[in-house]
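Just so we're on the same page: letters track the sequence lines, and every chain starts at 1. Remember, predicted model here, so these are calculated numbers, not experimental data.
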Number of protein chains: 2
Amino acid sequence: MMSDAQKHMEKLMQELRRGTITIGVLSQLSEPQYGYSLVTMLGDKGIQVEPGTLYPLLRRLEKQGLLASQWDTNDTRPRKYYLLSETGKEVYDLLVVEWKGIVESLNHVINPKGGNEDGTD
Amino acid sequence: MMSDAQKHMEKLMQELRRGTITIGVLSQLSEPQYGYSLVTMLGDKGIQVEPGTLYPLLRRLEKQGLLASQWDTNDTRPRKYYLLSETGKEVYDLLVVEWKGIVESLNHVINPKGGNEDGTD
DNA sequence: CATTATAGTATATGACGCACACTATTGTAA
DNA sequence: TTACAATAGTGTGCGTCATATACTATAATG
């Protein structure tokens, strides 16, 4: 049985992850990867992604022109390889800059100039 | 006229911000604040929040038990002051931990082993 | 006292990504 | 062939965020 705090954490954490999955995926696609391998390799690096989340994401990004895809049927099983497009590279770079900005802003409000939690104000 | 890359950036950035607003808000509520003051003070610190975003957020968080509110009618205009509840403090602390985890994971995939972008591997 | 401007609070609406629970297909081992 | 793992895909529901809008009360002005 979960505490109240933890119950809400689930949703909150999910929202927190939003958008970051996109960066994670884009970051891996300087070299071609297919869906299943992305799930695995991102999971290894501490970024859990559900297949049901990743596949739609990949198709979205492709439709937006950030990714290019290509079926490989030579191998044992047919796999759909995705790769960053030129636009995708631009967007990824910009996104990283944005991301760092957000991290910085948030760090400021989270750690208020060193933390005076002893109350000596 | 925006480039393709920038057009998609808008949405992507918005998604990236999602959830971070919650942390930002919670971080300011160790001391009581009302809606308008939060918009102002967060804006000052680089976190833009629309009033139409903040107010529903505050009510959500209160309904979830993370915040307590109290009308102050003594002052010139009636203002609704929000403050972290005990649960809210717990959740906030956990959220910060989660956030730092996400930042760390993402930093790993964004800067692969310190950035070997000269290709000397 | 009536009117207007402004600070502050509230809500409805729409868009969209994410998780979850499926289904479908293919290859491999039993 | 059957059963299971690998791979890709879809549909639904939920929740947050932005935009626009309305509402209330005070202050200012005539």
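Placement of A/Leu83 and A/Leu95 in two distinct hydrophobic clusters is found when ILVMFWY residues are connected by side-chain heavy-atom separations under 4.5 Å, directly or transitively.
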**Request:** Apply side-chain contact (heavy atoms from CB on, under 4.5 Å) to A/Leu66 and A/Leu84, showing your working.
**Result:** CA-CA 6 Å; A/Leu66 310 190; A/Leu84 274 183; 5.6 Å; no
**Request:** Please report the C-alpha distance between B/Lys89 and B/Glu86 in whole Å, then the side-chain angles of each, then the deciding distance to 0.1 Å, and finally whether the side-chain contact (heavy atoms from CB on, under 4.5 Å) criterion is met.
**Result:** CA-CA 5 Å; B/Lys89 287 178 190 171; B/Glu86 282 309 309; 3.4 Å; yes
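Mapping A/Pro78 and A/Thr20 onto DNA chain C by nearest heavy atom places A/Thr20 closer to the 5' end of the strand. Of the residues near DNA chain C, A/Glu15 and A/Glu50, the one whose nearest nucleotide (by heavy atom distance) lies more toward the 5' end is A/Glu15. Each of A/Gln14 and A/Tyr55 was assigned the nucleotide of DNA chain D with the nearest heavy atom; the assignment lying further toward the 5' end belongs to A/Tyr55.
For the pair A/Leu12 CG and C/dC18 C1', the interatomic distance rounds to 15 Å; values are reported in whole Å. Atom CG of B/Leu58 is separated from atom C1' of D/dC17 by 14 Å (rounded to the nearest Å). The nearest whole Å value for the distance from the CG atom in B/Leu67 to the C1' atom in C/dT9 is 16 Å. Counting to the nearest Å, the P atom of C/dA10 and the CG atom of B/Leu61 are 14 Å from each other. D/dT16 atom P lies 21 Å from atom CE of B/Met13, rounded to whole Å. The nearest whole Å value for the distance from the CH2 atom in B/Trp71 to the P atom in C/dA7 is 17 Å. Taking atom CZ of B/Arg59 as the reference point, atom P of D/dG15 lies 17 Å away to the nearest angstrom. The NZ atom of B/Lys80 sits 16 Å away from the C1' atom of D/dA25 (whole-angstrom rounding).
Checking D/dA18, D/dG9, D/dT7 against the side-chain heavy atoms of A/Tyr82 singles out D/dG9 as nearest. For A/Tyr34, whose side chain is taken as the heavy atoms from C-beta onward, the closest listed nucleotide among C/dT11, D/dT16, D/dT7 is D/dT7. Nearest to the side chain of B/Arg18, among C/dT11, D/dC17, D/dG9, sits D/dC17.
Within 4.0 Å (heavy atoms only), A/Arg79 reaches sugar-phosphate atoms of the nucleic acid but no base atom. Backbone-only engagement by B/Gly35 is indicated by non-hydrogen atom pairs under 4.0 Å involving sugar-phosphate atoms exclusively. At a threshold of 4.0 angstrom between heavy atoms, the contacts of B/Arg17 with the nucleic acid are absent. In this structure, A/Pro51 reaches neither bases nor backbone, as no heavy-atom distance under 4.0 Å exists between it and the strands shown.
In this structure, the side chain of A/Thr53 does not engage the main chain of A/Val49 through any donor-acceptor pair within 3.5 Å.
Taking a cutoff of 4.0 Å between a charged side-chain nitrogen and a carboxylate oxygen, A/Arg18 and A/Glu15 qualify as a salt bridge. With respect to the salt-bridge test (charged N to carboxylate O, under 4.0 angstrom), the residues A/Arg59 and A/Glu62 do not qualify.
Distances shorter than 4.0 Å separate some side-chain N or O of B/Arg60 from OP1 or OP2 on D/dC17. OP1 or OP2 of C/dC16 has at least one side-chain nitrogen or oxygen of B/Lys11 nearer than 4.0 Å.
Between the side chain of A/Arg77 and the base of C/dG27 there is no donor-acceptor pair of N/O atoms closer than 3.5 Å.
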